[in-house]
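Structure first, then comments.
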Number of protein chains: 2
Amino acid sequence: MAQAKKTSKAKKPAQDTKPAQVKKASEVKKVVQKRKTASERKTEIIEATLQLSDEQGPDRLSIEAIAIKVGISQPGVLRHFPKKQDIWEAVANHLISMMSQRWEKILSSDMSPIQQLRALTSAQLGLIQATPAIPAILLSRELQADNKILRNTFFVLMKGFHGHINRLIAEEKSFRKGLDPADATLLIVGTIQSTALRWSISGRSFDLVEKGEHLLKVLLDGFIHPPTK
Amino acid sequence: MAQAKKTSKAKKPAQDTKPAQVKKASEVKKVVQKRKTASERKTEIIEATLQLSDEQGPDRLSIEAIAIKVGISQPGVLRHFPKKQDIWEAVANHLISMMSQRWEKILSSDMSPIQQLRALTSAQLGLIQATPAIPAILLSRELQADNKILRNTFFVLMKGFHGHINRLIAEEKSFRKGLDPADATLLIVGTIQSTALRWSISGRSFDLVEKGEHLLKVLLDGFIHPPTK
DNA sequence: TAAGTTAGTAAGTACTTACTAACTAAGCAA
DNA sequence: TTGCTTAGTTAGTAAGTACTTACTAACTTA
């Protein structure tokens with residue numbers, strides 16, 4: 001019987017502000033509701049949250065907005081994540097796995113320290129370019145104030161990142177003697193962060209990865225020991 | 001979420017259903033109301049906003065919270081700034097004048113370029129240390145999304161800052177030949193920004209000015225041309 | 001195919017928020 | 001004193017907000 005009954009399905013929430021459903025409206029015959037599996041929806045919700053966080057800011061994002069973007073009702077979102085905080089937790093875990101996954105791949109390669117350093121930077125910038133909401137989310141009060149556990153998780157994660165960079169610098173032979181790896185780490189990570197932030201605020205007015213790689217090169221040039229002519 | 005319950009000062013229970021008129025207030029006089037001038041209050045409101053922005057985040061700050069901090073009612077705040085946006089405008093203008101004032105003083109001094117560079121950095125970090133809400137406000141959606149004019153004003157301001165740094169670098173003779181002043185500017189400003197941000201997030205766990213000055217020194221060491229031994 | 005599970009909805013609760021209206025009284029000047 | 005200006009109040013509105021309740025219909029499986 002496939003889809004015999006539809007009854008009064010076409011009831012849309014009153015606050016239609018966006019085109020939203022592209023597929024349904026285009027069909028001549030009424031389409032039966034397409035239910036998705038919970039895990040599909042969860043993924044959709046996480047992706048919608050990332051997109052909307054970028055557009056509106058994480059602290060201004062309402063469940064309603066996410067629901068509209070996904071194309072379901074607001075309580076529909078809450079079915080999958082009973083509390084709003086749960087959405088942020090899922091988003092954060094998503095980001096964390098994205099990051100550490102990329103780092104692992106680079107760190108387990110056989111590149112030279114300085115090459116790994118460059119690769120880590122490019123990977124991080126590339127991820128931000130693909131997911132521009134990252135800086136805003138990491139700095140959001142949603143994480144910084146409301147969720148201590150998650151904030152700590154990120155703290156540990158970043159500490160790990162610093163640790164990797166620090167080790168790579170210490171291993172690299174071409175750097176000048178007086179250079180403190182801890183200082184160099186802060187300068188490198190700071191360059192990544194500030195470039196990403198400037199890219200965000202400027203409305204993506206330049207190529208993030210390209211610019212970041214260039215600035216890292218200039219920075220690293222200053223770390224290399226002077227040629228003993 | 002949401003705390004800051006009402007607890008408003010001098011709240012007398014109005015539920016007395018006495019037949020008396022509402023205007024019979026002559027006998028109730030107990031506290032001598034302390035009225036302040038508008039400009040005094042405005043200053044207080046701006047300062048309260050800066051403090052609370054630091055504690056709660058600019059995007060989460062309510063007029064009510066400001067009112068409680070200042071010690072008047074919520075509409076009392078709106079008397080001085082009819083729209084919430086007006087508060088942000090005043091805060092931003094306050095910050096702008098604080099910054100440019102400090103810069104002017106340094107730039108009109110007779111220090112060497114590299115000394116001015118260091119002084120600008122220290123001044124900027126010192127201002128942030130004294131007014132920790134600055135980074136959060138500059139990055140807030142309140143400014144970045146809601147107030148295009150103000151965002152542009154800040155953009156111009158920061159462009160000016162970059163310009164000053166850029167010029168000082170170009171003037172400084174001890175830097176290596178290949179160094180592009182524009183790149184160096186981004187690295188210096190980036191170091192200031194990222195250090196300030198890290199200081200904020202870490203809960204002020206180190207001395208901002210001291211750390212920033214140190215990192216700048218390490219960075220500038222890399223800019224200096226190698227000693228022709 | 002009947003029966004249970006679950007994605008989804010409409011309607012509503014309780015609360016916060018920016019902003020308004022109408023009034024009160026402090027402070028000043030004649 | 002009188003009278004004006006204005007900092008401040010209480011009381012209220014309309015629009016959001018996260019979250020709940022009670023139900024429905026699509027899907028799954030025995």
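Only a predicted model underlies this, so the values are computations on that prediction, with no experimental measurement involved. Order of the sequence lines sets the chain letters (A, B, ...), proteins ahead of strands, with each chain counted from 1.
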Give me each pair satisfying salt bridge (charged side-chain N to carboxylate O under 4.0 Å, His left out) with a member in residues 76-104 of chain B, each pair once, sequence neighbours excluded.
none
How many whole angstroms separate atom CD of B:Q74 from atom P of D:dG12?
15 Å
The side chain of A:I63 is closest to which nucleotide in this list: D:dA7, D:dA18, D:dC27?
D:dA18
Is any side-chain heavy atom of B:V189 less than 4.5 Å from a side-chain heavy atom of B:Q193?
yes
Rounded distance (nearest 0.5 Å) linking atom CD1 of A:I72 with atom NZ of A:K36:
9.5 Å
Measure CZ/A:R35 against P/D:dA26 and give the value in whole Å, please.
9 Å
Interatomic distance, CD@B:Q116 vs CG@B:L107, rounded to 0.5 Å, equals 5.5 Å
note: A:E40, atom CD; C:dA7, atom P; distance rounded to Å ~ 11 Å
Within residues 75-86 of chain A: residues closer than 4.0 Å to DNA chain D (heavy atoms):
A:P75, A:L78, A:K83, A:K84
Could you give the CD-to-C1' distance, from A:E44 to C:dG8, as a whole number of Å?
13 Å
Could you state the atom-to-atom distance from CD of A:E64 to P of D:dA15 in whole Å?
15 Å
Check whether any side-chain N or O of B:S73 sits under 4.0 Å from OP1 or OP2 of D:dT9, and answer yes or no.
yes
Can you find a pair of side-chain heavy atoms, one from A:L150 and one from A:N93, that are under 4.5 Å apart?
yes
Which residues pass the side-chain contact (heavy atoms from CB on, under 4.5 Å) test with A:S140, not counting sequence neighbours?
A:P58, A:D59, A:E142, A:L143
Starting at CD of B:Q56 and ending at P of C:dT17, how long is that distance when rounded to a whole Å?
9 Å
Taking OP1 and OP2 of C:dG8, is either one under 4.0 Å from a side-chain nitrogen or oxygen of A:R41?
yes
Between C:dG8 atom C1' and A:K42 atom NZ, what is the distance in whole Å?
15 Å
Are any non-hydrogen side-chain atoms of B:Q124 and B:M99 less than 4.5 angstrom apart?
yes
Atom CG of A:D59 and atom C1' of D:dG16: how far apart are they, to the nearest Å?
16 Å
Need one value for A:I66: base, sugar-phosphate or nothing, where a base atom within 4.0 Å counts as base even if backbone is also close, heavy atoms only.
nothing
